[in-house]
Amino acid sequence: MEGPSVPSVPRASGAQWKRHIVRQLRQRDRTQKALFMELVPAYNHLLEKAELLAKFSEKLKWESKDVTPTAHQGSWEESSGTVSDQILSPVTLRVKWQEEEKGLQLVCGEGSSPGLSHGELYQGSEQPQTSPQCTLPRPHGEGTRNRLGALEACVVQLREARTQQARQLKERLEQNAALREAYEGLRANAVHGEATLRRLQEEARDLLDLLVQRKARAAAERNLCNERRERANQALVSQELKKAAKRTVSISEIPNTLDDGIREETVTLAPAAEPEFPESEACGTWKRPFRSASATSLTLSRCVDVVKGLLDFKKRRGHSVGGAPEPRYQSIPMCVAAQIPTQAQDVLEAHLSEVNAVCFGPNSSLLATGGADRLIHLWNVVGGRLEANQTLEGAGGSITSVDFDPSGAQVLAATYNQAAQLWKVGETQSKETLSGHKDKVTAAKFKLTRHQAVTGSRDRTVKEWDLGRAYCSRTINVLSYCNDVVCGDHIIISGHNDQKIRFWDSRGPHCIQVIPVQGRVTSLSLSHDQMHLLSCSRDNTLKVIDLRVSNIRQVFRSWTRSLSATWLLTPALSILRADGFKCGSDWTKAVFSPDRSYALVGSSNGALYIWDVDTGKLESSLWGPHCAAVNAVAWCFSGSHVVSVDQGRKVVLWH
């Protein structure tokens with residue numbers, strides 16, 4: 001290829017002749033396509049004709065086989081009148097073919113009228129022997145007759161089948177009608193039952209509302225009566241105190257009883273020349289020595305203030321001043337000084353599954369343990385050993401809490417069967433079942449007043465029970481899962497899953513105080529003097545709460561964390577560390593020693609930790625028998641023994 005480029009004119013001419021060739025090719029294609037399209041219908045028409053001719057030829061072959069030569073010769077001789085071996089023309093053959101075709105139509109019934117019967121057709125089929133128009137033989141009519149007989153038999157069978165199906169259809173219709181009537185009856189009964197159920201539900205709601213109103217009215221009347229009685233008693237006390245304040249008494253006199261069994265010890269006052277002494281704290285007694293016997297009289301105005309302060313404190317702590325005294329148990333034995341355990345004396349695999357609860361009786365020699373095997377075992381502590389006493393049966397679920405009443409005659413247990421069980425010591429079967437909760441019961445405790453108990457559940461309620469009549473006397477909605485409860489004189493304290501401790505007055509439905517803590521509360525323990533509360537929570541801490549000022553006093557924990565704003569504002573708070581302590585479950589129990597000097601708890605690593613509540617230091621950590629997380633601990637009232645239970649079925653006695 002030489003030269004710079006091809007000129008533009010030749011390029012244009014080359015494009016024109018290419019387009020011309022394309023047009024010519026397209027025109028040739030159209031012409032050939034038109035011819036081809038004309039050939040296709042002609043070819044199809046030829047194919048149809050060929051098929052038609054093939055059918056005619058096959059039919060002629062079949063007719064030629066059926067017609068006998070004598071019949072053909074007779075018909076040909078009669079028509080022509082010539083010699084038998086004469087050759088016929090195509091016109092004569094066509095006429096003969098048409099005549100035979102008409103005879104076939106008469107035989108087969110194609111040319112007969114619709115009103116002819118089968119017998120007439122049979123007679124027509126026998127006439128071709130004498131008629132010159134049909135030359136078919138007799139066997140052809142017999143085949144048709146056989147075929148018609150078969151068809152008639154088939155028709156009879158079909159009619160019988162139709163009759164049977166009509167009968168079955170009628171029976172099905174009757175069954176459907178009966179079922180429809182039954183359905184309508186059931187539907188009417190259901191509608192009537194639903195209407196009755198709605199009416200009964202409305203009546204039940206009305207009755208429940210009426211019952212609640214009557215109970216509320218009765219409670220209001222009772223509260224009003226109590227308030228009136230209390231005001232009357234307070235007015236009487238004030239009147240007596242005013243009378244006493246107006247008169248002068250000797251310094252050596254001892255004041256008499258002031259009100260409702262409230263006695264003051266011997267009160268000695270300083271002479272008038274001495275400076276005024278401060279008022280004593282609530283619930284406390286005060287004494288001051290006098291220096292001289294020269295002062296012979298002094299007004300009792302300050303005594304009036306002291307008694308008023310005492311009454312205010314009793315009201316603030318939940319005591320009823322004017323109410324009738326409730327029957328109480330005898331005094332619980334008090335420990336003078338608890339002994340810190342040092343070694344394990346006895347180790348038993350007491351249950352078939354993990355042990356969740358343990359509690360000492362008031363005499364310190366009887367012990368109760370409860371576990372997930374739905375059994376409560378009673379043990380006697382004899383000579384540093386645990387001896388089996390009896391087994392309490394009848395619990396419907398896993399035991400979560402065990403408690404003795406202050407007399408030691410009854411055992412109360414909380415179960416996962418949405419109920420609490422009550423046993424009498426010495427009887428193996430349950431005495432009462434306290435049912436009414438809608439979820440697992442996690443705590444059950446006796447109150448200090450006779451025949452009363454408190455249960456806490458995960459259904460967000462706390463219930464008070466009258467054990468004498470075995471019914472729920474009060475239900476408190478506590479707003480969160482309750483993991484443990486403790487009872488004071490007239491107060492109920494509950495620990496919850498929402499990291500709060502709530503205080504409830506037995507005389508009112510409302511919460512009187514809330515103390516927030518960090519972590520879900522697993523257990524509560526109230527000191528014997530009801531002045532301190534020990535709580536254990538899932539943030540691996542123990543907290544000592546001073547109930548006199550309603551503040552957290554100390555925190556025992558496994559490691560140091562940042563404090564919340566509430567703790568930082570608490571003035572007397574101290575946080576003490578013990579490496580290794582970790583709360584093992586949501587039901588881990590911690591307790592005070594009987595003298596409130598120590599706090600005891602079990603850890604997830606199987607160790608027991610003991611803190612000094614006054615100094616705040618870790619006194620001891622006990623290691624050894626436990627190979628699983630410790631669920632609960634108990635300290636006997638005499639202060640000499642400690643028992644711990646774990647998730648590995650072990651019960652350990654420490655001394």
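Residue numbers count from 1 along this sequence.
The two atoms that bring Gly370 and Val355 nearest to each other are O-CG1, 3.5 Å, heavy atoms only. Of all heavy-atom pairs between Leu348 and Trp379, the closest is CD1-CZ3, 3.7 Å. Smallest separation of non-hydrogen atoms from Lys431 and Gln410: NZ-OE1, 3.5 Å. Closest non-hydrogen pair, Cys511 versus Arg502, comes out as SG-CB, 3.9 Å. The shortest heavy-atom contact between Ala413 and Ile376 is CB-CD1, 3.4 Å. Among all heavy-atom pairs drawn from Leu524 and Gly495, the shortest one is CD1-N, 3.3 Å.
Without hydrogens or angle criteria, Asn483 side chain to Val521 main chain gives a donor-acceptor distance under 3.5 Å. Looking at Thr442, its side chain does come within 3.5 Å of a backbone N or O of Gly456 through a donor-acceptor pair. Checked by atom type and distance alone, the side chain of Asp646 pairs as donor or acceptor with a backbone atom of Gly648 at under 3.5 Å. Formation of a donor-acceptor pair under 3.5 Å by the Arg538 side chain with backbone atoms of Cys583 is found in this model. Using a distance-only test at 3.5 Å, with no hydrogens or angles considered, a donor-acceptor pair links the side chain of Gln390 to the main chain of Gly426. Of the possible polar contacts, one joining the Ser480 side chain to the Asp498 backbone as a donor-acceptor pair under 3.5 Å is found. A donor-acceptor pair is defined here as one N or O able to donate and one able to accept, closer than 3.5 Å; no such pair exists between the side chain of Thr461 and the backbone of Ile476. A donor-acceptor pair under 3.5 Å links the side-chain atoms of Trp423 to the main chain of Glu393, judged by distance alone. Between the side chain of Asn356 and the backbone N or O of Ile399, at least one donor-acceptor pair lies under 3.5 Å. Judged by distance alone, the side chain of Asp466 and the main-chain N or O of Ser473 form no donor-acceptor pair under 3.5 Å.
For the atom pair CZ (Arg474) and NZ (Lys215), the distance works out to 13.0 Å, reported to the nearest 0.5 Å. Annotation: the span from Asn631 atom CG to Gln647 atom CD amounts to 4.5 Å, rounded to 0.5 Å. Atom CG of Leu434 is separated from atom CD of Gln421 by 8.0 Å, given to the nearest 0.5 angstrom. Remark: Leu52 CG to Ser57 OG distance equals 9.5 Å, nearest 0.5 Å. Rounding to the nearest 0.5 angstrom, the gap separating the NE2 atom in His510 from the CG atom in Asn477 is 11.5 Å. Taking CG of Asn189 as the start and CD of Glu194 as the end, the distance is 11.5 Å to the nearest 0.5 Å.
Looking at Arg19 and Gln16, their side chains come closer than 4.5 Å, going by heavy atoms from C-beta outward. With a 4.5 Å cut-off on side-chain heavy atoms, Lys440 and Thr400 do not count as touching. Residues Val402 and Thr369 have side chains not in contact (no heavy-atom distance under 4.5 Å, counting atoms from C-beta outward). Side-chain contact check for Trp587 versus Thr522: every heavy-atom pair is 4.5 Å or farther apart. A heavy-atom distance below 4.5 Å is found between the side chains of Val22 and Arg26. Side chains of Glu432 and Leu467 form no contact here, defined as non-hydrogen atoms less than 4.5 Å apart. Side-chain atoms of Ser398 and Glu354, non-hydrogen and from C-beta on, never get closer than 4.5 Å to each other.
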CA sep, side-chain torsions, deciding dist, call: Glu203, Arg199, salt bridge (charged side-chain N to carboxylate O under 4.0 Å, His left out) = CA-CA 6 Å; Glu203 292 178 359; Arg199 180 172 54 80; 3.3 Å; yes

query = When you look at Thr541 and Gln518, which way does the side-chain contact (heavy atoms from CB on, under 4.5 Å) test go after all the steps?
reply = CA-CA 9 Å; Thr541 61; Gln518 289 183 341; over 6 Å; no

query = Going through the distances and angles, do Leu210 and Asp206 end up as a side-chain contact (heavy atoms from CB on, under 4.5 Å)?
reply = CA-CA 6 Å; Leu210 181 60; Asp206 295 339; over 6 Å; no

message = Between Arg30 and Gln27, does the side-chain contact (heavy atoms from CB on, under 4.5 Å) criterion hold? Intermediate values first, please.
response = CA-CA 5 Å; Arg30 284 194 295 270; Gln27 185 176 0; 3.9 Å; yes

task = Step by step, work out the side-chain contact (heavy atoms from CB on, under 4.5 Å) result for Leu422 and Trp465.
result = CA-CA 12 Å; Leu422 182 65; Trp465 301 88; over 6 Å; no

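Within 6.0 Å of the CZ atom in Arg205, the count of heavy atoms belonging to other residues, nucleotides or ligands exceeds 12. Residue Tyr416 places its OH atom among more than 12 non-hydrogen atoms of other residues, nucleotides or ligands, all under 6.0 Å distant. The environment of CZ in Arg159 is sparse: at most 12 heavy-atom neighbours from other residues, nucleotides or ligands sit within 6.0 Å. Around the OH atom of Tyr43, the shell of radius 6.0 Å holds no more than 12 heavy atoms that belong to other residues, nucleotides or ligands.
Using a 3.5 Å distance cut-off with no hydrogens or angles, the side chains of Thr415 and Asn417 do not pair a donor with an acceptor. Between the side chains of Ser603 and Lys582, no donor-acceptor pair of N or O atoms lies under 3.5 Å.
Between Asp484 and Lys445 there is a salt bridge, with a side-chain nitrogen of the basic residue lying less than 4.0 Å from a carboxylate oxygen of the acidic one. The pair Glu202-Arg198 does not meet the salt-bridge criterion, since no charged nitrogen lies less than 4.0 angstrom from a carboxylate oxygen.
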